[in-house]
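Comments concern the structure below.
As the structure lists them, so they are numbered: ligands from 1, and atoms in each ligand from 1.
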Amino acid sequence: MSENAAAKESAIERFRALTTQIKSYEELLGVVYWDMRTGAPRKGIAQRSEAVGALSSEMFRLSTSSEMGELLDALSEPGAQDGLTAIDRKLIQETRKDYERNLKIPPELYREYVVLTSQAETAWEEAKAKSDFQGFLPYLKQIVDYNRRFIELWGVKGTPYDTLLDMYEPGTTTAELDRLFGELRKRLVPLAEEIAKRGDKPDTSFLQGKFDKEAQKRFSLYTLGQMGYDFEAGRLDESVHPFATGLSTGDVRITTRYLEDDLTSALFGTIHECGHALYEQNVDPALNGTPLCGGTSMGIHESQSRLWENMVGRSRGFWRRYLPELKKEFPAQLEGVDADAFYRGSNVVEPSLIRIEADELTYNIHIMIRYEIEKMLFNENLDPERLEEAWNAKYKEALGIEPSNAGEGVLQDVHWSGGMFGYFPSYSLGNMYAAQIIHTAEKEMPSLADDIEAGRLLPLKQWLTEKVYRHGKMLEPGEIIERITGEPLQSTYLCDYLEKKYKEIYRLG
Ligand code: ZN
C-alpha cells in the first residue's frame, strides 16, 4: 500500500468513527426527548434540560472540531474520494454542509439555545393547557431572537425566512412557496366555499359520543399491524402532541392521542405517525449509524404520513375492509353505519380551529396561515407580542372563524416552542408530494385500489420502500420526486385529487 493510500484510509476511517460517535449521541438524545414527551416527571425537567444541553453541546463541539475540519479537507482533496462508496461520498457532502453551517454559530450561544428550547416545550405544554399566551410569550420572544441572530450568522440567501426553510426542505424558497400556495389557494378556497354553500353535508353524528380509550388503543395497535409496522422495532405510547421518533431502523417509536369524545383523533393520528415510522423502519440498514439514516426532508417525511393517513386511511376502500373491525370495538356507537357513510362522515369539510384535526381540504389553509405568520416574523420583523392578534385575524379572514382562547389558537402547535420555524410548509409540501406519488403508484400498480379494499396494504408499503424509504438521505427531495414521477413537484396533482374526492362526497356536479 502506498503512503498516500494509507493516509486516505486512515482519514476515511477516522471520519467514519467521528460521524458514528456524533450519531450515537444523537440517538441517546432522541431517547431523552422521547422520555421527556411521554411521561418524564415534571419536576425533573429543568435538570434534565441541563443534561440535554450538555450532550447537545458535546455533539456540536465534535461536529465543529478542528479534527472534523481537517478530515473534511483531507477527504475533499483531488482524488481523495476515488474508490470510496456512494455512502461515504454522500456522508462527506452532508457532513460538510452541517460543519459549515454550525461553524458560524458560537458554541455558547448554541448551548443557551438548546437549554432554552428544551425548557420551552414544557412551558408551552403548561401554557397551552391554561390558554395562557402571556405565560409562554417570554420563551417565544427569546426563541425568535435567537433564530434572528442565527439567520444573520448563517447569512441571508434570498429572504431571511429562506434561510430557515432550507433546513427542513433543502432548496425550497419563499418565492417557490408563494407560487405553490398561490396555486392551492386559487383552486382550493373556491372548492371549500362551494362545499359550504351547496354541498350535501355528510352525517357525522356517529363520530361523536363516548369511545373507551382502551378500545381505541386496541384498534390503533391492530391498524399498525395491518400497515406492516414492526413492533419489534418500535412501540406505541400516548402524548399530548403525537409524534414519531426514529432512533435507528431497529427502534422507531410513535405516539398517539386518545380522546374519549372523538374517535377520529387517535384513528387517523395513529395512521399518520405510522406513515412516518414505516419510512424510518425501512431505510436501508447499511445507513444505520450514519446521519444518512432517516427521512431526506420534512416535506418527503410528511408526504409519507399524509399518504397513509389520507389517501389510504381516509379512502372508501379502506373502510369497506376495516369498518367491520372497528365495529367490533364500538358496536353500539357504530350501529347501522355502513362503509359509505363512515367514509363520507370521516371526510367532512368544515372550517375548524385546530390544524391536527382539520380535514384534508382546509388543512392546507391552516398551513398557509402559519407560513404567512412566520414570513411576517422573520421577513417583516413582527413583534412576537402581536402573534396572537395576527393569528386570530388570519383565521377570521381565511376561514371565517376566530379562536376564543390561545389554547385553540396560537398556542396549539408544539413547533415554535422547539424553535422549528420554517417547518410548517413541509405539511403542505407533503400533501403535494403525496398526491403526485400516489398518482404514479396507481399507474404502476393497477390493483392498488383492490388491494386496499381487500386489506392488502403490504404491496403499497413494499412499493414505497423501493421508491422512497430505503434511500434514506442518499437522495435529495427533488431527486426522489423526479425519479418516481418523472417531473418536479406540481400543485395540480393535489388539487385534482381533492376536487375529484370532494365533489363526489358532497355530490357537486
Ligand atoms: Zn407528521
R314 charged N/C atom sitting above Y343 aromatic ring, 6.0 Å / 45°: no

Reference residue L464; test side chain to side chain contact (heavy atoms under 4.5 Å, CB included); the match among L278, N282, I438, L307: L307

Sequence neighbours excluded, every pair satisfying side-chain hydrogen bond (donor to acceptor under 3.5 Å, both in side chains) that has a member inside residues 403-414: S131-N405, R355-D413, R370-Q412, R370-D413, S404-E408

Residue-atom pairs from the protein, N, O or S only, that lie under 2.8 Å from the Zn ion (ligand 1): H272 NE2, H276 NE2, E302 OE1, E302 OE2

For R344, all residues meeting salt bridge (Lys or Arg N to Asp or Glu O under 4.0 Å), sequence neighbours excluded: none

Whether Y427 and H415 hold their rings parallel, tilted or perpendicular, with breakpoints at 30° and 60°: perpendicular

Contacts of type side-chain contact (heavy atoms from CB on, under 4.5 Å), residue N392, not counting sequence neighbours: E388, E402, P403

